[in-house]
Amino acid sequence: QLYGARPVSAGIPRVAVLITDGMSNLYPINEAAPSLRNSGVQVFTVGIGNIFLPELLFIASDPDTDHVFLLDSFNEASSFVDLLSVTTCDAPAIVEPGENTTSEIEEDEFRFFQTECAAFSVTIMIEQIDVVGTCSLYASTSMQNPGPLDPPDVVIRNEDHSVHTRSVLVHFAHALHQFIYVSVRGVDPFNQF
């Protein structure tokens, strides 16, 4: 926050992109990478050419399939920029389990969140409270940005606009560390939740 980052509680994603054509040689990554990820930053790595893949996997946020990209040469970089822009702009904000956030969105805008839970039980409740306006709530354990058009067997939704507090229950298939992806959609012209 000291250098311009918004507070984590605002629900705005923090993103870092590392682009490399090799491996680290001056600074060890074993402390810096986990520290960055643990501060709530989504870390994406892009390896170009002859890279050291284990290092890119270690630096990137989980899951690796969403955060690690490999290009054969710098010639591919210009066509890759659009994909990287979409991926990083739609990255969810990382929220710790039990952490409250307050955010604002306009009509038909989405705010995306992600949390990683050790499934202490088989069901977790996610609650969203309208402070101003009305919102819809969506959650999934497999889709990074769940929304109203996603299949009901993959996305849990609460679009009950007659109440100001809505919740969804997320059921785990197995009791391991699992990501929960949440999105909130604004319904009114101005919404705060």
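Just so it is clear, the model here is predicted, and its values are computed rather than measured.
Panel note: side chain Q42, backbone P92; a donor-acceptor pair is recorded below 3.5 Å. Formation of a donor-acceptor pair under 3.5 Å by the N191 side chain with backbone atoms of D188 is found in this model. The backbone N or O of L18 lies less than 3.5 Å from no partner atom in the side chain of T45, so there is not a single donor-acceptor pair. D160 contributes a side-chain N or O that, together with a main-chain N or O of S162, makes up a donor-acceptor pair within less than 3.5 Å. Checked by atom type and distance alone, the side chain of D130 never pairs as donor or acceptor with a backbone atom of F193 at under 3.5 Å. T115 places a side-chain N or O within 3.5 Å of a backbone atom of V95 that can act as its donor or acceptor partner.
At least one side-chain heavy atom of V187 sits under 4.5 Å from a side-chain heavy atom of S136. Here the side chains of T102 and Q192 are in contact, with some heavy-atom distance below 4.5 Å. T165 is not listed as a side-chain neighbour of Q128, based on a closest heavy-atom distance of 4.5 Å or more. A heavy-atom distance below 4.5 Å is not found between the side chains of R185 and R111. At least one side-chain heavy atom of F179 sits less than 4.5 Å from a side-chain heavy atom of D62. By the 4.5 Å heavy-atom criterion applied to side chains, M143 and Y181 are not counted as neighbours. Using a 4.5 Å heavy-atom threshold, the side chains of L56 and L70 count as touching. Counting heavy atoms from C-beta outward, F113 and V184 have side chains that approach closer than 4.5 Å.
Closest non-hydrogen pair, V15 versus V41, comes out as C-CG1, 4.0 Å. Taking each heavy atom of N145 and D90 in turn, the nearest pair found is ND2-O, 3.2 Å. A pairwise comparison of heavy atoms in I12 and A93 identifies C-CB, 3.8 Å as the closest pair. The heavy-atom pair separating A77 from L71 by the smallest distance is CA-CD1, 4.0 Å. In terms of heavy-atom proximity, V170 sits nearest to I180 at CG2-CG2, 4.2 Å.
Y138 OH to F112 CZ: the interatomic distance, rounded to the nearest 0.5 Å, is 10.5 Å. For the atom pair OG1 (T87) and CG (D82), the distance works out to 10.5 Å, reported to the nearest 0.5 Å. Distance check: E127 CD to N158 CG gives 10.5 Å after rounding to the nearest 0.5 Å. Atoms CZ and SG, from F110 and C135 in turn, are 10.5 Å apart once rounded to the nearest 0.5 Å. Considering CD of E76 and CZ of F69, their distance stands at 13.5 Å, rounded to 0.5 Å. To the nearest 0.5 Å, atom CD1 of residue I29 and atom CE of residue M23 are 8.5 Å apart.
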Inset, instruction - Mind running side chain to side chain contact (heavy atoms under 4.5 Å, CB included) on L137 and V182 for me, showing each step along the way? - result: CA-CA 7 Å; L137 176 64; V182 176; 3.7 Å; yes

Legend entry - Test log, rule side chain to side chain contact (heavy atoms under 4.5 Å, CB included), inputs T20 and V46: CA-CA 6 Å; T20 182; V46 181; over 6 Å; no

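Looking at R157 and D150, no side-chain N of the basic residue comes within less than 4.0 Å of a carboxylate O on the acidic one, giving no salt bridge.
Counting only N and O atoms by type, the side chains of T134 and H164 include no donor and acceptor under 3.5 Å apart. Under the 3.5 Å distance criterion, with hydrogens and angles disregarded, a donor-acceptor pair is assigned to the side chains of E55 and S24. There is no side-chain donor-acceptor pair under 3.5 Å between S61 and R37.
Residues V168 and I124 share a single hydrophobic cluster, defined by chaining ILVMFWY side chains whose heavy atoms lie under 4.5 Å apart. Hydrophobic cluster membership is shared by F74 and V17, with clusters built from Ile, Leu, Val, Met, Phe, Trp and Tyr side chains linked at under 4.5 angstrom. Neither I19 nor I51 shares a network with the other; the hydrophobic side chains, linked directly or stepwise wherever heavy atoms of I, L, V, M, F, W or Y lie under 4.5 Å apart, form separate groups for each. Residues L83 and I48 fall within the same hydrophobic cluster, defined by Ile, Leu, Val, Met, Phe, Trp and Tyr side chains chained together at heavy-atom separations under 4.5 Å. Hydrophobic clustering (side-chain heavy atoms under 4.5 Å, transitive across Ile, Leu, Val, Met, Phe, Trp, Tyr) keeps I126 apart from I129.
Around the CG atom of N50, the shell of radius 6.0 Å holds no more than 12 heavy atoms that belong to other residues, nucleotides or ligands.
Note on ring orientation: taking the six-membered ring where Trp is involved, the planes of F44 and H67 are tilted (angle from 30° to 60°).
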